Amino acid sequence: MRLVNRLGITVDYLLSDSVSDSDSNIIEQFRQIVDYQPMERKQMAVNVLRTIFSYFETDEK
């Protein structure tokens, strides 16, 4: 479990040959990464993601 938590992945991801990149799997990975972080870090992560996605939107236009 320490390895899984350190890597920020799920146990099924670690043990399986392949894991689909479905929305629910990706969201679960995000959840596992931020689960034990303080609220301030969670908010910072949200802000970073928003910034990244805003750059994607400007590239698509």
Side-chain angles (χ1 to χ4, degrees):
M1 288 306 295
R2 285 186 291 175
L3 175 63
V4 169
N5 291 332
R6 188 76 169 154
L7 294 173
I9 59 175
T10 61
V11 174
D12 64 325
Y13 185 87
L14 182 65
L15 298 177
S16 67
D17 288 336
S18 65
V19 174
S20 70
D21 286 336
S22 68
D23 283 351
S24 60
N25 184 39
I26 292 171
I27 290 170
E28 175 63 20
Q29 289 179 51
F30 279 127
R31 189 191 63 73
Q32 287 185 1
I33 291 168
V34 301
D35 239 6
Y36 299 103
Q37 298 297 322
M39 186 56 68
E40 182 179 296
R41 287 185 183 170
K42 290 177 184 180
Q43 188 58 56
M44 288 171 51
V46 168
N47 292 340
V48 168
L49 281 173
R50 283 189 177 131
T51 301
I52 290 168
F53 287 123
S54 73
Y55 281 113
F56 291 151
E57 290 172 2
T58 58
D59 286 345
E60 293 172 357
K61 293 178 181 180

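The model shown is predicted, which means the values in this text are computed figures rather than measured ones.
- Hydrophobic clustering, with ILVMFWY side chains joined whenever heavy atoms are under 4.5 angstrom apart, keeps Leu49 apart from Ile33.
- A chain of hydrophobic side-chain contacts below 4.5 Å, direct or via other Ile, Leu, Val, Met, Phe, Trp or Tyr residues, connects Phe53 to Ile26.
- In terms of heavy-atom proximity, Lys42 sits nearest to Gln37 at CE-O, 3.1 Å.
- Taking all atoms of both residues into account, the shortest heavy-atom contact from Met1 to Val11 is SD-CG2, 3.9 Å.
- Heavy atoms of other residues, nucleotides or ligands lying less than 6.0 angstrom from CG of Asp35 number more than 12.
- Cluster membership check: Val48 shares its hydrophobic cluster with Phe56, using side-chain heavy-atom separations under 4.5 Å among Ile, Leu, Val, Met, Phe, Trp and Tyr.
- Dense packing is recorded around CZ of Arg31, with more than 12 heavy atoms of other residues, nucleotides or ligands lying under 6.0 Å away.
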